[in-house]
Amino acid sequence: MSVEKTLAMIKPDALERGKQGLIIDRILTNGFKITAMKQMRLTRVQAEAFYKEHAERPFFDSLCSYMTSGPIIALVMEKENAIKDWRDLMGATDPTEADAGTIRKDFAESKERNSSHGSDSPQSAHREVPFFFSQLER
Ligand code: IDP
Ligand code: MG
């Protein structure tokens, strides 16, 4: 195992319901160091660029509308094995399939409005961290 950085987002549904503090508490309690964090509202162009790998999926248009419906919090988090450990802490994409105690099980409203994002591989983290943060910020 090595120290890794991953890109996380707390998504609009969670901020809408004021759950960001509880989610950040879980991040810190589970041993992640937050090395950068900011709240912002994505533009349509930014949301489409971030999720471009899903451009052909039937849910893409709805996903981009949801992701621009309110602010998000983007975070860079550091820890040994951060990428997989954050995916595990979030749980399955669909909260009805997520394990007990995971963020999506406890906070998500639906498969789309699922409260959190995490890079799914070192390659994704390498693209997603600089999508949000300059070298000076992370
Ligand atoms: P992930 O966030 O668990 O990596 P992805 O398959 O990469 O899941 O999908 C990106 C995001 O798109 C999901 O987190 C969710 O918000 C949304 N999404 C994925 N699949 C569906 C679906 O079948 N219906 C509606 N929204 C979906
Ligand atoms: Mg994904």
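Start at 1 and go down the list; that is how both ligands and their atoms are numbered.
Salt-bridge formation is detected for the pair K79/D85: a Lys NZ or Arg NE/NH1/NH2 atom is positioned less than 4.0 Å from an Asp or Glu carboxylate oxygen. The pair R104-E97 fails the salt-bridge criterion, with no side-chain N (NZ, NE, NH1 or NH2) lying under 4.0 Å from an Asp/Glu carboxylate O. Salt bridge K52/E48: absent, no basic N to carboxylate O contact under 4.0 Å.
Under a 4.0 Å criterion applied to the non-hydrogen atoms of N114, ligand 1 contributes the atoms 13 (C), 14 (O), 15 (C), 16 (O). The R104 neighbourhood of ligand 1 comprises atoms 1 (P), 2 (O), 3 (O), 14 (O), with distances under 4.0 Å to a heavy atom of that residue.
Some N or O of R87 is nearer than 3.5 Å to an N or O of ligand 1, by distance alone. In terms of N/O distances under 3.5 Å, ligand 1 is not approached by Y51. Ligand 1 has a nitrogen or oxygen under 3.5 angstrom from a nitrogen or oxygen of E112. Close N/O approach between Y66 and ligand 1 is not found [any backbone or side-chain N/O within under 3.5 Å]. Considering backbone and side-chain atoms together, R57 places no N or O closer than 3.5 Å to any N or O of ligand 1.
Heavy-atom separations between K11 and ligand 1 include at least one value shorter than 4.0 Å. Not a single heavy atom of D120 lies less than 4.0 angstrom from ligand 1. Not a single heavy atom of M9 sits under 4.0 Å from any atom of ligand 1. For M67, the closest heavy-atom approach to ligand 1 does not fall below 4.0 Å.
Between F132 and F50, the ring planes lie tilted relative to each other; the angle falls in the 30° to 60° range. Using cut-offs of 30° and 60° for the angle between ring planes, the H54 and F59 rings count as tilted.
With hydrogens left out, the protein atom closest to atom 7 (O) of ligand 1 is H54 NE2, 2.9 Å, a heavy atom. Scanning the protein heavy atoms around atom 1 (P) of ligand 1, the nearest turns out to be T93 OG1, 3.6 Å. Protein heavy atom in closest approach to atom 17 (C) of ligand 1: L63 CD1, 3.8 Å. Closest protein heavy atom to atom 15 (C) of ligand 1: K111 O, 3.3 Å. At the shortest separation from atom 24 (N) of ligand 1 among protein heavy atoms lies F59 CB, 3.9 Å.
Under 4.0 angstrom from ligand 1, there are no non-hydrogen atoms of R113.
Defined by atom type and a distance below 3.5 Å, a donor-acceptor pair is present between the side-chain atoms of S119 and E128.
In the hydrophobic clustering of this structure, M40 does not group with I27; members are Ile, Leu, Val, Met, Phe, Trp, Tyr whose side-chain heavy atoms approach within less than 4.5 Å, directly or through other members. Note on L89 and M37: same hydrophobic cluster, where clusters join Ile, Leu, Val, Met, Phe, Trp and Tyr whose side-chain heavy atoms are under 4.5 Å apart, directly or indirectly.
Residue-environment remark: CD (E56) stays at or below the threshold of 12 foreign heavy atoms within 6.0 Å.
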- Output, in order, the C-alpha distance, side-chain angles, deciding distance and verdict of side-chain hydrogen bond (donor to acceptor under 3.5 Å, both in side chains) for S62 and S65. CA-CA 5 Å; S62 174; S65 296; over 6 Å; no

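With S115 as the partner, the side chain to side chain contact (heavy atoms under 4.5 Å, CB included) test is satisfied by one option alone out of R17, M90, K19, K11: R17.
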